[in-house]
Amino acid sequence: MPPLRVDPAVDLYLIDEVAEIAPWSSQFITAMDNLLDSDRIVVAIVGLSPRHPYPNEVRERDDVDLWEVEDQNRGQLLSDVLAWIDGEE
């Protein structure tokens with residue numbers, strides 16, 4: 001696997017299942033922290049995980065916006081996230 005790092009040619013990162021990956025990879029946690037500390041746009045699914053504290057650490061950062069996925073907002077969420085991305089660029 002190539003090293004996980006912030007690529008200057010990439011403006012937007014989509015990360016799926018931070019809660020599932022974090023317990024298994026300290027390299028992922030380091031790379032994710034570097035990414036979150038960068039000026040890149042990051043959209044990540046950060047589920048709840050009783051197995052590892054890292055997802056909660058991500059959720060508690062001052063520089064993140066959180067959207068809760070619920071049955072009543074599931075259909076609108078994609079539009080909301082795309083509008084947020086458009087505003088960040």
Chi angles and distances behind the side-chain contact (heavy atoms from CB on, under 4.5 Å) call for Ile15, Leu35: CA-CA 11 Å; Ile15 311 293; Leu35 182 58; 4.1 Å; yes
Where is the tightest heavy-atom contact between Val10 and Leu12, given as atom of each residue plus distance?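 What the structure gives for the nearest pair is CG1-O, 3.3 Å.
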Measure across Gly47 and Pro55 and return the closest heavy-atom pair with its distance rounded to 0.1 Å.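 Heavy-atom minimum between the residues: O-CB, 3.5 Å.
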Listing request: all ring pair (Phe, Tyr, Trp, His ring centres under 6.0 Å) pairs with a residue in residues 59-80, at least two apart in sequence or in separate chains.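 As it turns out, the ring pair (Phe, Tyr, Trp, His ring centres under 6.0 Å) pairs with a partner in residues 59-80, which skip direct neighbours, are Trp67-Trp84.
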Pairs where residues 6-50 contributes a residue and the test ring pair (Phe, Tyr, Trp, His ring centres under 6.0 Å) is met, not counting sequence neighbours: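 For residues 6-50, and leaving out neighbouring residues, there are no ring pair (Phe, Tyr, Trp, His ring centres under 6.0 Å) pairs at all.
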Min side-chain heavy-atom separation [X]-[Y] under 4.5 Å:
{"X": "Ile29", "Y": "Glu57", "result": "no"}
{"X": "Asp11", "Y": "Glu88", "result": "no"}
{"X": "Arg40", "Y": "Pro8", "result": "yes"}
{"X": "Ser79", "Y": "Leu82", "result": "no"}

Enter the distance from [X]:[atom1] to [Y]:[atom2] here, rounded to the nearest 0.5 Å.
{"X": "Glu68", "Y": "Leu77", "atom1": "CD", "atom2": "CG", "answer": "10.0 Å"}
{"X": "Ser25", "Y": "His52", "atom1": "OG", "atom2": "NE2", "answer": "9.5 Å"}
{"X": "Asp65", "Y": "Asp63", "atom1": "CG", "atom2": "CG", "answer": "9.0 Å"}

With Val58 via side-chain contact (heavy atoms from CB on, under 4.5 Å) - residues at least two apart: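 Val58 satisfies side-chain contact (heavy atoms from CB on, under 4.5 Å) with Leu36, Val46, Tyr54 once adjacent residues are dropped.
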same_hphob_cluster(Val81, Ile41) at 4.5 Å side-chain heavy-atom cutoff: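 As far as the 4.5 Å side-chain criterion goes, Ile41 and Val81 are connected within one cluster.
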Report the C-alpha distance between Arg61 and Leu66 in whole Å, list the side-chain angles of each, state the deciding distance to 0.1 Å, and finish with yes or no for side-chain contact (heavy atoms from CB on, under 4.5 Å). CA-CA 10 Å; Arg61 289 178 59 115; Leu66 295 174; over 6 Å; no
